[in-house]
Amino acid sequence: MKFFLDTANIDEIKKANDMGVICGVTTNPSIIAKEGRVFEEVILEIASLVDGAISGEVKATTIDAQGMIEEGRKIAQLHKNMVVKLPTTTEGLKACKVLSSEGIKTNLTLIFNVPQAILAARAGATYVSPFVGRLDDISMNGIDLIKDISTIFKIHNIDAKIISASVRNATHVIECAKAGADLATVPYSVIEQMMKHPLTDQGIEKFQKDYRAVFGE
Ligand code: E4P
């Protein structure tokens with residue numbers, strides 16, 4: 001399972017990219033709004049830093065297929081690595097069909113059940129994004145959704161890539177990987193959590209203490 005970083009925060013993107021652990025970035029309207037910057041400007045800055053797929057979503061207020069298609073074409077022209085993120089609605093599927101037929105990569109977002117994932121893939125989506133955390137929030141099982149989509153995509157040779165989205169913690173990461181997700185898009189805080197182990201910290205401390213005792217600084 002590979003990783004995208006789920007943010008438009010440049011500092012966080014630089015940190016994760018410098019560690020060599022991400023192969024792309026995903027954004028959404030809330031993430032863009034959080035940074036308070038012009039969409040095109042922040043997307044271009046991200047694309048200049050990360051050599052991988054960058055998902056840019058159509059405006060939250062664009063709800064018709066024609067509007068999504070026009071916006072999607074503009075997003076795709078921003079940079080060669082752009083992936084157009086579309087909501088999994090009837091209009092989003094129509095836009096996905098057209099954009100995919102033009103060779104534009106798409107990421108169908110806000111997927112909460114298996115049928116939505118299958119329809120998104122059949123409409124030509126490059127990526128499908130099932131939301132794990134938001135399902136867990138309503139006492140449903142987000143990981144089971146990843147398992148089911150992964151099983152069904154394998155049985156039917158569907159090549160849309162599964163991005164586990166709405167990933168909230170390191171346990172989600174382990175479970176998504178076991179469930180067969182191709183990618184997980186994670187906030188920077190999850191990367192930090194994944195790196196943390198008290199025995200690693202204690203081990204470093206002990207190595208330093210033992211080394212200094214004999215060799216000094
Ligand atoms: C996916 O692409 C979304 O940007 C994201 O993972 C949503 O996560 P949230 O449920 O934590 O907002």
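As the structure lists them, so they are numbered: ligands from 1, and atoms in each ligand from 1. Quick caveat: nothing in here was measured; it's all calculated off a predicted structure.
- Here the heavy atom of the protein found nearest to atom 8 (O) of ligand 1 is Ser166 CA, 3.4 Å.
- For atom 4 (O) of ligand 1, the nearest protein heavy atom (residue, atom name, distance) is Asn28 ND2, 2.8 Å.
- Atom 7 (C) of ligand 1 has Phe131 CE2, 3.5 Å as its closest protein atom, hydrogens excluded (heavy atom only).
- Shortest contact from atom 11 (O) of ligand 1 to any protein heavy atom: Arg168 NE, 3.3 Å.
- The existence of a salt bridge linking Arg168 and Asp137 is confirmed by a sub-4.0 Å separation between a basic side-chain nitrogen and an acidic carboxylate oxygen.
- The shortest contact between atom 12 (O) of ligand 1 and any protein heavy atom is with Arg134 NH2, 2.9 Å.
- Among all non-hydrogen protein atoms, the one lying nearest atom 2 (O) of ligand 1 is Lys85 NZ, 2.6 Å.
- Taking 4.0 Å as the cut-off between side-chain N and carboxylate O, Lys147 and Glu175 do not count as a salt-bridged pair.
- Remark: the Ser101 side chain and the Lys97 side chain contain no N/O donor-acceptor pair separated by less than 3.5 Å.
- Of the candidates Thr126, Leu108, Val84, Ile104, Cys96 forms a side-chain contact (heavy atoms from CB on, under 4.5 Å) with just one, namely Leu108.
- A salt bridge links Asp210 to Lys206: one of the charged nitrogens lies within less than 4.0 Å of a carboxylate oxygen.
- Between Phe4 and Tyr127, the ring planes are perpendicular. Angles over 60° get that label, and only those under 30° would be called parallel.
- Scanning the protein heavy atoms around atom 5 (C) of ligand 1, the nearest turns out to be Asp6 OD2, 2.8 Å.
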